[in-house]
Amino acid sequence: MDLNEPLITGKRLIDLLFPISKGGSAIIPGGFGTGKTVLQQSLARWSAVDIVVYVGCGERGNEIAEVLAETPLKLRIDGQDRP
């Protein structure tokens with residue numbers, strides 16, 4: 001994958017000042033209550049990507065369960081989409 005291609009997140013501030021490469025990785029540093037989890041959930045939901053890998057532990061595991069419940073999931077087996 002060409003890491004020179006930008007990931008369009010839909011968040012103008014990130015796309016302009018902190019661009020992420022498609023196929024790359026990123027972190028969101030910050031203190032308690034600064035919106036890191038909300039930003040992660042928004043990026044997972046609205047970015048132009050096929051796969052989102054989310055790693056969280058402790059209470060973050062509960063938050064990702066909410067995202068999975070709210071986000072339509074697609075499953076592809078042997079080239080066919082499944083519900």
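If you're wondering where the values come from, they're calculated on a predicted model, not measured in any experiment.
A continuous path of hydrophobic side-chain contacts links I20 to I28 [ILVMFWY only; heavy atoms under 4.5 Å].
Annotation for L39 and K11: closest pair CD1-CG, 4.3 Å, computed over non-hydrogen atoms. Closest non-hydrogen pair, G10 versus D15, comes out as N-OD2, 3.3 Å.
Atoms CD1 and CD1, on I14 and I8 in that order, are 11.5 Å from each other to the nearest 0.5 Å.
Through side-chain heavy atoms spaced under 4.5 Å, either directly or across other Ile, Leu, Val, Met, Phe, Trp or Tyr residues, V38 is tied to no other residue.
Between the side chain of K36 and the backbone N or O of G31 there is at least one donor-acceptor pair closer than 3.5 Å.
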